[in-house]
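In what follows, chains are A, B, ... by sequence order, proteins preceding strands, each numbered from 1.
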Amino acid sequence: MPELPEVETIKRQLEKNVLGKDILSVDIFDKRVVVNEKEFVKGLLNKKLKSIERVGKVLIFQINKNSFLLIHLRMTGQLVYKKDNNFIAGGHPIDNAFNVPNKFTCVVFKFSDGSCLFFNSTRKFSRTSLVSKIEKEKYVDKFGIDPTKKEFTYKKFKKELENKKVSLKSFLLNQKYISGIGNIYADEVCFFAFVLPDRKVYSLTEKEKELLFVGTKIILKKAVEKGGTTFRDYLTAEGKKGGYVKYLRVYGWAEKECLNMCGGIILKKVVAGRGTHFCKNCQK
DNA sequence: AGTATCTCCTGTATGC
DNA sequence: TGCATACAGGAGATAC
């Protein structure tokens, strides 16, 4: 599932490829992922994508002063950019991502140079919309601090944690507190800090808070450096793969031995409504 | 008001 | 083999 590092990776790739190109057509194959599809198409035709920013897990393309294209991949969304026979695919991993369009393709943007951007979504949870500046700002304001930006300081992090009755997992997943963390990185951060995901936030010690802060910062930073867990790049013969998968310590390791060699087994249970991985030996 | 649960979807895995 | 069922989860809606 695309989280901050995966979306950041897509953003960087698209920045190099789609900015400044005229949008010749917008074809919608599944209306469910597009908000207000008529206005959506009308507002994009013959326009250019001027710039891209990422807020949490959302991509925001500026069209002009008062028009912004929002794309949220949610769980199974995927963006595939095709130019001639070169492909860039980011987001949800599926085999043959370069085989587009396919039955998961919801929207296709065609550019003046013949290249295309395919917006795919297997479970159709993804959403895209065209909004005004005010709407965009209102939307962006709801998001908490981005843990990869300079503004993410320990002081601010600690302040967010104050007086929360939720579990740590629920806190980490909530985009209004910290933006960009999803199920994978939430589990990894808890493991890093030796804290069980179902611990209530108010019960955290100073030391644990510090470790959670540091873990969030370095895990997301490293995941961005590695291109996330799902990125596939078919531009080069070697292909840069989503390199963070091999650094995952708990996510996807249920019933396996803990990588800390503590002798424990990674367990999985539902916390905050999500499948949650942890080591009972290492995390308290 | 703040928190927990439900819901949207469909591919994949499992069970009988 | 085939059908039914459970499960995966981001985030807005709804319930408590």
Exercise for the section: Output yes when A/Lys158 and A/Glu206 qualify as a salt bridge under the 4.0 Å nitrogen-oxygen rule, no when they do not. Expected result: yes
For this session: Would you indicate what A/Gln175 reaches in the nucleic acid, counting non-hydrogen atoms under 4.0 angstrom: base, sugar-phosphate, or nothing?
Result: sugar-phosphate
Between A/Thr76 and A/Tyr139, whichever has its closest DNA chain C nucleotide further toward 5' is A/Thr76
When the side chains of residues 134-144 of chain A are checked against the rest of the protein, which donor-acceptor pairs come out under 3.5 Å, sequence neighbours left out?
residue  : atom : partner  : partner atom : Å
A/Glu135 : OE1  : A/Ser132 : N            : 2.8
A/Glu135 : OE1  : A/Ser132 : OG           : 3.2
A/Lys136 : NZ   : A/Glu53  : OE2          : 2.8

Scoring nucleotides 4-11 of chain B by protein non-hydrogen atoms under 4.0 Å (B base, S sugar-phosphate only, - none) yields S---BBBS
Parallel, tilted or perpendicular: which one describes the rings of A/Phe171 and A/Phe157, with boundaries at 30° and 60°? perpendicular
Of the listed C/dG10, C/dA8, C/dG12, the closest approach to the A/Lys57 side chain comes from C/dG10
Taken to the nearest whole Å, CG/A/Asn163 to C1'/B/dA1 is 14 Å
(request) Run the ring-centre check on A/Tyr81 versus A/Phe87 and record whether the distance is less than 6.0 Å. (result) no
Does C/dA8 have OP1 or OP2 under 4.0 Å away from a side-chain N or O of A/Lys268? yes
In short, side chain to side chain donor-acceptor pair (under 3.5 Å) pairs touching residues 265-284 of chain A with sequence neighbours left out are A/Lys169-A/Thr276, A/Asp187-A/His277, A/Asp198-A/Lys269
message = Any salt bridge linking A/Glu160 with A/Lys156? Criterion: basic side-chain nitrogen under 4.0 Å from a carboxylate oxygen.
response = no
For residues 60-74 of chain A, the side chain to side chain donor-acceptor pair (under 3.5 Å) pairs (sequence neighbours left out) are none
Just to confirm, is there a sub-4.0 Å distance from OP1 or OP2 of C/dG10 to any side-chain nitrogen or oxygen of A/His72? no
A/Leu172 CG to C/dG10 P, in whole Å, measures 12 Å
In whole angstroms, the gap separating P of C/dG10 from CD of A/Glu6 amounts to 11 Å
When rounded to whole Å, the NZ to C1' distance for the pair A/Lys142 and C/dA11 reads 10 Å
A/Asn174 atom CG is separated from C/dG12 atom C1', nearest whole Å, by 12 Å
Whole-Å distance, A/Ile178 CD1 to C/dG10 P, equals 15 Å
message: Using a heavy-atom cut-off of 4.0 Å across all strands, would you classify A/Tyr251 as base, sugar-phosphate, or nothing?
response: sugar-phosphate
- Item | Pair A/Ser179-A/Asp146, side-chain donor/acceptor within less than 3.5 Å | no
Just distance, no hydrogens or angles: give the donor-acceptor pairs under 3.5 Å from side chains in residues 248-263 of chain A, sequence neighbours left out.
residue  : atom : partner  : partner atom : Å
A/Arg249 : NH2  : A/Asn260 : OD1          : 3.4
A/Trp253 : NE1  : A/Leu248 : O            : 2.9

With five pairs defining each end axis, the helix from B/dG2-C/dC16 to B/dC16-C/dG2 comes out bent, to 10°, by 60°
In whole angstroms, the gap separating C1' of C/dA8 from CG of A/Leu173 amounts to 14 Å
Rounded to whole Å, the CD1-C1' distance (A/Ile71 to C/dA11) equals 17 Å
